[in-house]
Number of protein chains: 2
Amino acid sequence: MARAATTSDAFNAIAEPRRREILTLLIVRERPVNEIVAELGLDQPSVSKHLRVLRDVGLVRVRCDGRQKFYRTQAEAIRPLHEWAATFERYWSHQLNRVKERAERAAAQESKSTPHTGGKDDD
Amino acid sequence: MARAATTSDAFNAIAEPRRREILTLLIVRERPVNEIVAELGLDQPSVSKHLRVLRDVGLVRVRCDGRQKFYRTQAEAIRPLHEWAATFERYWSHQLNRVKERAERAAAQESKSTPHTGGKDDD
DNA sequence: TTGACATATTCCTATATAGGAATGTAATGT
DNA sequence: ACATTACATTCCTATATAGGAATATGTCAA
């Protein structure tokens with residue numbers, strides 16, 4: 001009856017811009033919470049809470065060392081997202097081609113001197 | 001102070017599973033609302049509300065014809081999502097390779113007869 | 001106009017945040 | 001033991017849903 005929890009899956013977790021920033025930061029190398037705080041300019045509890053969400057959906061992993069906790073992005077967890085989006089890849093290529101062809105036809109029509117395309121309709 | 005609006009960007013809009021289903025349905029061909037309702041088994045107001053969100057972030061387009069409205073997925077709007085996720089692609093390849101290599105080393109170690117890898121450390 | 005059909009919007013409510021403040025917990029140094 | 005450092009959690013509040021019910025808007029047909 002309300003929005004699904006942010007921890008319900010990766011799709012919900014990455015809806016928050018800060019969390020995407022954190023993932024981008026932690027993909028390069030692991031970092032302690034302190035460094036994330038300093039790098040992103042958020043306050044510590046906020047970062048901890050975001051990390052908690054990311055951890056719950058498997059988007060980050062922790063390694064404990066003394067009193068520090070090193071977080072790192074678990075890249076594989078982003079894969080389902082990538083694959084879902086990739087499903088649409090061929091369609092935006094199609095749509096871009098259609099726009100392009102339409103523009104070309106229009107240009108040819110407007111110049112009224114060097115007809116390049118015939119007036120082919122696709123799809 | 002609360003979660004960002006579902007209409008704030010594509011990332012928030014696609015967090016909802018039903019909306020992803022709708023996008024998947026409407027990428028193949030445009031459909032009137034009725035058909036979406038029948039296909040997904042939701043009730044009509046719910047579908048209309050989801051379509052409103054998707055429309056606000058440019059994920060779908062409408063074509064009006066008489067009293068029907070034909071919706072269709074605007075594939076280009078999914079591209080930013082795809083590109084963000086693609087940023088991590090090389091990392092999950094790396095991580096998978098590391099796991100694979102580790103498994104190979106372990107297998108070689110366990111058989112104790114045909115040493116295949118030397119004990120190379122990467123990264 | 002009246003009615004039927006197609007779609008959109010409004011009202012309602014339970015739920016889930018995100019951020020800020022304050023506090024809790026665990027590990028280290030002296 | 002005690003203070004300090006590094007994180008995590010809890011409490012609070014304004015806000016934003018998603019779904020259901022009811023209603024509104026728009027279009028065509030007779």
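Using a 4.0 Å heavy-atom cutoff across all strands shown, B:Arg55 reaches no nucleic acid atom at all. Heavy atoms of A:Pro32 sit under 4.0 angstrom from primed sugar atoms or phosphate atoms, though from no base atom. Within 4.0 Å of B:Ser46, counting heavy atoms only, lie sugar-phosphate atoms of the nucleic acid but no base atom. Contacts of B:Phe70 with the nucleic acid, taken as non-hydrogen atoms under 4.0 Å apart, are absent.
When the P atom of D:dA18 is taken as reference, atom CD of B:Glu21 falls 14 Å away, rounded to whole Å. In this entry the distance linking CZ of B:Arg18 with P of D:dT17 reads 18 Å, nearest Å. The CG atom of A:Asn34 sits 17 Å away from the P atom of C:dA27 (whole-angstrom rounding). Regarding B:Gln44, its CD atom lies at a distance of 12 Å from the C1' atom of D:dA22, rounded to whole Å. The distance from atom CG of A:Asp56 to atom C1' of D:dA8 is 13 Å, rounded to the nearest whole Å. Separating the CZ atom of B:Arg19 from the C1' atom of D:dA16 is a distance of 12 Å, rounded to the nearest angstrom. Between B:Lys69 atom NZ and C:dC5 atom C1' the separation is 14 Å, expressed in whole Å.
Classified by interplanar angle (parallel below 30°, tilted 30° to 60°, perpendicular above 60°), the ring pair A:His82/B:His82 is parallel.
Linking Ile, Leu, Val, Met, Phe, Trp and Tyr residues whenever their side-chain heavy atoms come within less than 4.5 Å places A:Val60 and B:Tyr91 in a single cluster.
Side chain of A:Arg19 to main chain of A:Ala13: a donor-acceptor pair is present (N/O by atom type, distance under 3.5 Å, no hydrogens or angles).
Relative to the side chain of A:Val33, the nucleotides C:dA6, D:dA8, D:dA18 differ in distance, and D:dA8 lies closest.
Annotation: side chain of A:Leu23 is in contact with side chain of B:Trp84 (closest heavy-atom distance under 4.5 Å).
Salt bridge present: B:Arg29 and B:Glu35 bring a charged side-chain N and a carboxylate O closer than 4.0 Å.
Between A:Thr6 and C:dT17, a side-chain N or O to OP1/OP2 separation shorter than 4.0 Å is present. Contact check, B:Tyr71 against C:dA6: no side-chain N or O comes under 4.0 Å of OP1 or OP2.
Both A:Lys49 and A:Arg67 sit near DNA chain D, but only A:Arg67 has its closest nucleotide nearer the 5' end. In terms of position along DNA chain C, the nucleotide closest to B:Glu35 lies nearer the 5' end than the nucleotide closest to the other residue of the pair B:Glu35 and B:Arg3. Between B:His50 and B:Asp65, the residue anchored closer to the 5' end of DNA chain D is B:His50, taking for each the nucleotide with the nearest heavy atom.
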